[in-house]
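All values derive from a computational prediction rather than experimental measurement. For reference, positions follow the sequence shown, starting with 1.
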Amino acid sequence: MDLPHDQTNGIQQRRRVGLVYDERMCRHSTPDNEPHPENPNRIRAIWNRLVSAGITQRCEVFRAKEVEDKYIAAVHTNNHINLIKTISSKKTPSQRNRAAAKYNSIFFNEGSSESAYLAAGSVLEVTEKVAKGELNSAFAIVRPPGHHAEENEPMGFCLYNNVAIATSFLLNQKELGINKILIVDWDVHHGNGTQKMFWKDPRVLFFSVHRHEHGYFYPAGDDGSHFMMGEGPGLGYNINVPWENGQCGDADYVAAWDHILIPVAKEFKPDIILISAGFDAAIGDPLGGCRITPNGYAILLKKLMEFSSGKIIMALEGGYNLTSIANSVLACVELLLEDKPITESFDVYPFGSTWRVIKAVREELSTYWPILADKLPENLTSRVAPLVPTYSSESDDEYDDGSNALPEDLQEDVTIPLSKLKLTEDTHDADQVTAAASQAWRSELSKIDVWYASFGSNMSESRFLCYIEGGQAEGMKRPCRGAVDKSQPKEVLWKTVPHRLFFGRESTVTWGPGGVAFLNPESNDQEKTFMCLYKITLEQFNDVLLQENTRADTSSPFFDLKALNSIEYEKNVSLEALKDGWYHNVLYLGKESDVPVITMTCTRAHVEGFKSGKIPICAPPKEYADTLVRGLVQGKQLSEDEAIAYIQEASTKPL
Ligand code: X5A
Ligand code: ZN
């Protein structure tokens with residue numbers, strides 16, 4: 001036993017730390033155990049690391065318990081509970097696949113229901129024990145994760161919102177005397193589900209720091225922006241720190257703590273803290289592209305231990321590099337056990353963009369938290385680390401193997417101290433230089449024109465312009481962000497191509513239930529598909545690609561000059577960086593007045609999936625079909641009746 005660490009003035013001050021782990025949470029997996037970053041080995045790796053470090057013997061270990069429906073019902077709809085409850089028992093594998101396809105980044109198998117109930121139950125159980133003082137703190141090693149799950153929608157690998165369920169449990173058990181709860185969400189992705197559940201509730205201060213990329217990073221959109229501050233009585237009790245770029249590490253996170261979270265927490269005085277502890281901002285993570293070290297996580301945790309008499313519950317969220325997550329969790333649990341002193345490293349400064357974000361957050365929130373109104377000293381914020389330009393390495397790609405997430409020489413050891421990171425000393429304008437460098441591809445590609453040929457809803461000009469100017473056209477359920485360069489297409493023209501138009505998938509976020517248009521990349525002389533061509537720059541084409549495939553980082557183009565030059569010979573180029581989007585296959589359709597005509601559609605492999613029935617062929621929803629008809633009629637290609645018949649044929653004829 002490590003007695004020396006546990007003694008203060010000769011009195012043993014053993015901290016009671018709870019751990020929940022249960023092999024049954026490994027039963028949730030992809031249908032045929034297809035490779036997926038959110039897989040059972042994540043929690044196994046963490047548990048094994050704690051066992052081999054001798055940590056589990058120093059903690060109180062619990063098996064998982066299933067949560068009761070009444071506690072879930074405090075944050076989820078009955079409809080959602082029924083979906084998760086019945087997904088395993090009452091469905092066949094193909095019914096489950098079809099159900100999962102309706103949601104964003106969700107898979108189901110026969111073990112999903114049980115795992116979801118155990119994950120939520122585990123977090124709830126240790127939360128209750130910490131609240132009652134039976135434990136000082138706890139770590140719940142659970143999966144599936146929870147923070148993306150919304151009231152009525154599983155999302156982003158999350159089924160039940162574990163942390164939200166535990167939080168509302170505490171609020172409803174009045175005898176526990178918990179009136180103010182701080183949720184710290186340090187997963188690299190925004191905690192959209194949790195944010196929405198406590199949006200109007202001043203008893204819950206929700207703080208999320210995440211990679212945002214101006215709304216391009218998962219979960220794309222504005223929910224994670226720092227303007228989202230809560231509403232009504234909850235106004236000011238929702239704090240988002242949206243990083244503009246990847247690569248953020250210990251120095252950036254410590255700065256967000258020191259200059260936003262900690263001063264606010266001092267005012268708020270939480271009775272208890274729950275951490276949505278994803279470790280996908282860890283160095284080496286394949287999805288996050290950030291660089292927090294295990295020691296960095298320990299620093300962030302230590303800074304929270306001074307509140308709520310150390311009552312902290314950590315619940316695992318994301319984190320996809322097994323070594324990184326195991327070492328990071330180990331560092332956190334060791335700190336919960338010992339509260340040992342940790343040295344902060346000042347070898348590396350935050351990025352210029354980090355200070356920009358922190359200043360913007362402080363300014364926006366200072367109305368509600370006057371402590372944030374003070375101006376940060378110039379000598380603090382002028383010291384910045386340069387951002388290293390990256391090439392197509394940080395797309396938020398579920399199946400990325402992570403080999404691109406770190407510079408070559410850092411891939412071996414994920415626990416490398418900050419001092420080894422090759423970041424040079426401060427230069428005053430380093431940030432401007434590097435921010436520009438990371439978007440340097442834009443100016444080059446802005447000089448090249450292409451015809452973007454549309455065959456689906458983009459044939460309606462007002463709908464296509466949403467991808468350029470931003471906005472929401474008739475029938476769309478969500479707005480688009482638009483391109484960086486918002487200039488109008490230079491020309492519009494129509495043509496037909498010998499390719500088959502068809503409709504597939506069951507539902508999309510923009511149009512709701514129903515199929516959307518695809519063009520078979522294989523040509524066929526019997527077919528004739530109308531296409532509306534927009535002359536735009538290659539830069540804008542890349543922004544359209546990004547929006548059609550909703551993901552990723554913009555520090556490099558996806559379809560660059562090299563790709564444009566080769567496509568004439570290769571006919572289509574399937575873009576690896578966007579490979580789990582539905583429109584990442586760029587197809588060459590010839591030239592018009594010497595300018596290449598390109599479109600984006602699914603891959604040939606997808607077409608095989610549609611043919612075999614693995615991916616559903618599905619008629620378009622009314623709003624979507626109406627938009628196509630509008631496009632064809634306004635473009636003077638067909639009369640309304642002809643356009644309706646054209647869509648009808650494409651949606652009924654077998655592939
Ligand atoms: C919990 C978590 C990430 C979802 C990414 C989907 N989810 N591309 O980290
Ligand atoms: Zn995450």
Can you see whether [X] engages [Y] through a side-chain donor-acceptor pair at a distance of less than 3.5 angstrom?
X      : Y      : value
Gln195 : His190 : yes
Asn458 : Glu548 : yes
Thr537 : Asp485 : no
Glu317 : Ser276 : yes
Asp187 : His189 : yes
Asn104 : Tyr218 : yes
Asp285 : Ser324 : no
His148 : Asn192 : yes
Thr293 : Asn295 : no

Quick check: closest heavy atoms across [X] and [Y], and the distance to 0.1 Å?
X      : Y      : value
Asn245 : Ser353 : OD1-OG, 2.6 Å
Ala256 : Ile358 : N-CD1, 3.6 Å
Ala45  : Leu322 : CB-CB, 4.0 Å
Leu316 : Phe279 : CD1-CD1, 3.8 Å
Arg211 : Gly288 : NH1-O, 2.6 Å
Gly221 : His212 : O-CE1, 3.2 Å

Side-chain heavy-atom pair [X], [Y] within 4.5 angstrom cut-off:
X      : Y      : value
Val357 : Thr354 : no
Met600 : Phe541 : yes
Lys303 : Val254 : yes
Phe268 : Tyr237 : yes

Apply side chain to side chain donor-acceptor pair (under 3.5 Å) to [X] and list each qualifying residue two or more places apart in sequence or on a separate chain.
X      : value
Ser168 : none
His76  : none
Lys196 : Glu150, Asp223
Glu244 : Arg356

Which residues share a side-chain contact (heavy atoms from CB on, under 4.5 Å) with [X], sequence neighbours left out:
X      : value
Asp201 : Leu171, Phe198, Arg203, Val204
Lys486 : none
Ser574 : His584, Asn585, Thr603
Ala166 : Val123, Thr127, Leu274

Pairwise salt bridge (charged side-chain N to carboxylate O under 4.0 Å, His left out) hits with a residue in residues 224-237, at least two apart: Lys200-Glu231
Qualifying residue, where the test is side chain to side chain contact (heavy atoms under 4.5 Å, CB included) with Leu261 and the options are Val361, Val209, Ile239, Leu304: Leu304
Passing option when Ser308 is tested against Ile181, Leu182, Ile273 for side chain to side chain contact (heavy atoms under 4.5 Å, CB included): Ile273
Crowding at CD, Glu474 (>12 non-hydrogen neighbours, <6.0 Å): no
Glu306 atom CD, over 12 foreign heavy atoms within 6.0 Å: yes
Option among Phe107, Phe108, Tyr160 that satisfies the ring pair (Phe, Tyr, Trp, His ring centres under 6.0 Å) test with His28: Phe107
Sole residue of Tyr253, Phe217, Phe351 in ring pair (Phe, Tyr, Trp, His ring centres under 6.0 Å) with Trp243: Tyr253
With a 3.5 Å distance limit and no angle check, can you tell me whether [X] reaches the backbone of [Y] through a side-chain donor-acceptor pair?
X      : Y      : answer
Gln547 : Gly482 : yes
Ser328 : Ile325 : no
Arg362 : His259 : yes
Asn39  : Asn41  : yes
Asp252 : Pro350 : no

Which pairs of donor and acceptor atoms, one on a side chain in residues 369-377, lie under 3.5 Å apart (sequence neighbours left out)?
{"residue": "Trp369", "atom": "NE1", "partner": "Gly236", "partner atom": "O", "Å": "2.7"}

Electrostatic pair Asp222-Arg481, nearest N-O below 4.0 angstrom: yes
Ring geometry between Tyr534 and Tyr452 (parallel below 30°, tilted from 30 to 60°, perpendicular above 60°): parallel
Partners meeting salt bridge (charged side-chain N to carboxylate O under 4.0 Å, His left out) with Arg505 (sequence neighbours left out): none
Residues forming a salt bridge (charged side-chain N to carboxylate O under 4.0 Å, His left out) with Arg463, sequence neighbours excluded: none
Aromatic centroids of Phe207 and Trp186 separated by under 6.0 Å: no
From CA spacing to verdict: salt bridge (charged side-chain N to carboxylate O under 4.0 Å, His left out), Lys359, Glu363: CA-CA 6 Å; Lys359 284 179 190 164; Glu363 192 175 324; over 6 Å; no
